[in-house]
Amino acid sequence: MTMIPKQLKAVQARIHAACQAAGRADDSVTLLAVSKTFDADAVLAAFEAGQTAFGENYIQEAVQKITALRNLPLVWHCIGPIQSNKTRLVAEHFDWVHTVDRLKIAQRLSEQRPAHLSALQVCIQVNVDGGPTKSGVTPEDALALVQAVKALPRLQVRGLMCIPELATDCVAACALFKRARDLFDALNAEGLTLDTLSMGMSADLEAAIASGSTMVRVGSAIFGARHYPA
Ligand SMILES: *Cc1c(COP(=O)(O)O)cnc(C)c1O
């Protein structure tokens with residue numbers, strides 16, 4: 001028997017409690033169920049329990065599931081790193097991409113987005129820790145990238161995404177998430193109309209919601225521990 005419905009309910013309860021604690025409405029936070037490494041049956045079990053938005057990291061693996069489940073009204077988010085040679089698959093199969101951090105990738109996604117599909121919804125990934133080897137544009141370069149991506153015809157910029165290192169405590173986690181929220185607010189003050197701030201995972205969704213996240217990406221707390229092939 002699958003634990004997925006019960007675990008999904010528990011995550012929804014955590015989100016509700018975090019929203020209450022922050023004085024926020026429940027519907028100000030969207031739950032993205034991260035189904036990477038889990039099969040189509042696991043996605044189906046979550047869907048039957050009411051979940052419709054799913055996040056995937058590995059493009060090929062995701063395309064198999066998206067194809068197998070194409071008759072269901074699911075919304076698929078790409079949250080993994082994107083190499084140039086994978087942009088076509090992403091443009092053809094996903095509804096959202098959270099991990100755009102270079103104009104070249106955005107241009108390819110726009111060019112390759114099929115005409116019969118609506119615009120690809122995009123978040124710009126920001127490196128809020130400042131780690132030199134990490135993915136993500138620096139906060140200083142975020143405005144220019146958002147503006148350049150906004151000009152592309154087949155993409156719609158929705159907001160920012162970040163993956164801070166797991167902090168040792170809640171105070172440190174909130175400080176990093178707050179940096180992303182401040183940037184998000186600053187960009188909107190420049191006249192951009194961003195509505196999505198994608199941050200927070202199984203271990204730190206409370207800190208993310210307290211800091212102003214609008215979308216949490218939760219995998220293991222819903223689907224269980226991941227087992228990667230050796
Ligand atoms: C795997 C992953 C998640 C989910 O992580 P959990 O700790 O299992 O909740 C969220 N965001 C990204 C970018 C991921 O790669």
Side-chain angles (χ1 to χ4, degrees), residues 2-18 29-39 42-43 45-46 49 51-63 65-66 74-83 86 90 94-102 105 121-129 131 133-137 158-170 172-173 176-177 179-181 184 196-229:
T2 174
M3 297 291 287
I4 291 170
K6 193 176 150 206
Q7 289 170 170
L8 180 63
K9 267 210 177 66
V11 169
Q12 289 164 344
R14 283 175 63 190
I15 293 171
H16 171 72
V29 178
T30 300
L31 171 59
L32 185 59
V34 177
S35 44
K36 65 182 179 210
T37 78
F38 292 93
D39 62 12
V43 174
Q51 180 66 28
T52 53
F54 292 88
E56 290 280 343
N57 289 58
Y58 311 110
I59 313 302
Q60 235 109 19
E61 176 200 325
V63 167
K65 278 178 252 185
I66 294 169
L74 306 180
V75 180
W76 293 96
H77 296 240
C78 175
I79 62 170
I82 308 169
Q83 263 87 51
K86 293 283 164 53
V90 173
F94 282 89
D95 303 291
W96 282 67
V97 183
H98 291 220
T99 41
V100 170
D101 65 355
R102 282 175 290 155
I105 294 292
Q121 309 297 298
V122 170
C123 292
I124 302 298
Q125 186 175 351
V126 184
N127 175 359
V128 287
D129 310 297
T133 61
K134 288 191 63 173
S135 311
V137 68
R158 298 294 296 272
L160 304 178
M161 177 269 207
C162 67
I163 319 174
E165 289 311 324
L166 202 53
T168 44
D169 61 67
C170 212
L176 289 172
F177 287 136
R179 228 178 264 173
R181 179 69 205 200
F184 178 79
T196 302
L197 181 56
S198 163
M199 60 185 191
M201 319 204 293
S202 293
D204 56 13
L205 69 88
E206 284 83 2
I209 289 171
S211 311
S213 170
T214 74
M215 191 179 286
V216 291
R217 308 178 307 264
V218 179
S220 45
I222 296 171
F223 294 105
R226 284 182 290 273
H227 300 286
Y228 291 95

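What you see below is based on every heavy atom in this structure, not just the backbone, and it leaves out hydrogens, waters and symmetry mates. Order of appearance sets the numbers: ligands from 1, and atoms from 1 within every ligand.
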Practice problem: Please test Phe177 against Ser213 for side-chain contact (heavy atoms from CB on, under 4.5 Å), starting from the C-alpha separation and ending with a verdict. | Solution: CA-CA 8 Å; Phe177 287 136; Ser213 170; over 6 Å; no
Find all protein N or O atoms under 3.5 angstrom from an N or O atom of ligand 1 and list the pairs with distances, or write 'none'.
residue: ligand 1; atom: 8 (O); partner: Ser220; partner atom: N; Å: 2.7
residue: ligand 1; atom: 8 (O); partner: Ser220; partner atom: OG; Å: 2.9
residue: ligand 1; atom: 8 (O); partner: Arg226; partner atom: NH1; Å: 2.7
residue: ligand 1; atom: 8 (O); partner: Arg226; partner atom: NH2; Å: 3.1
residue: ligand 1; atom: 9 (O); partner: Ser202; partner atom: N; Å: 3.0
residue: ligand 1; atom: 9 (O); partner: Ser202; partner atom: OG; Å: 2.5
residue: ligand 1; atom: 9 (O); partner: Gly219; partner atom: N; Å: 2.8
residue: ligand 1; atom: 11 (N); partner: Arg217; partner atom: NE; Å: 2.9
residue: ligand 1; atom: 15 (O); partner: Lys36; partner atom: NZ; Å: 2.7
residue: ligand 1; atom: 15 (O); partner: Asn57; partner atom: ND2; Å: 2.7

Practice problem: Check ring-ring contact (aromatic ring centres under 6.0 Å, His included) between Phe223 and all other residues, then give those that pass, not counting sequence neighbours. | Solution: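 Scan of Phe223 (ring-ring contact (aromatic ring centres under 6.0 Å, His included), adjacent residues dropped) gives Phe38.
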Practice problem: Establish, yes or no, whether a centroid distance under 6.0 Å links the rings of Phe54 and Trp76. | Solution: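 They qualify: ring centres under 6.0 Å apart.
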Quiz item: Does a donor on one side chain sit under 3.5 Å from an acceptor on the other, for Ser198 and Arg217?
Solution: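 Yes, a side-chain donor-acceptor pair sits under 3.5 Å.
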Quiz item: Can you tell me if Lys134 uses its side chain to pair, donor with acceptor, with the backbone of Ile163 under 3.5 Å?
Solution: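 Yes, because the side chain of Lys134 sits within donor-acceptor range (under 3.5 Å) of the backbone of Ile163.
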Self-check item: Spacing of NE2 belonging to His77 relative to CG belonging to Asn57, to within rounding of 0.5 Å
Solution: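 Rounded to the nearest 0.5 Å, the NE2-CG separation comes out at 13.0 Å.
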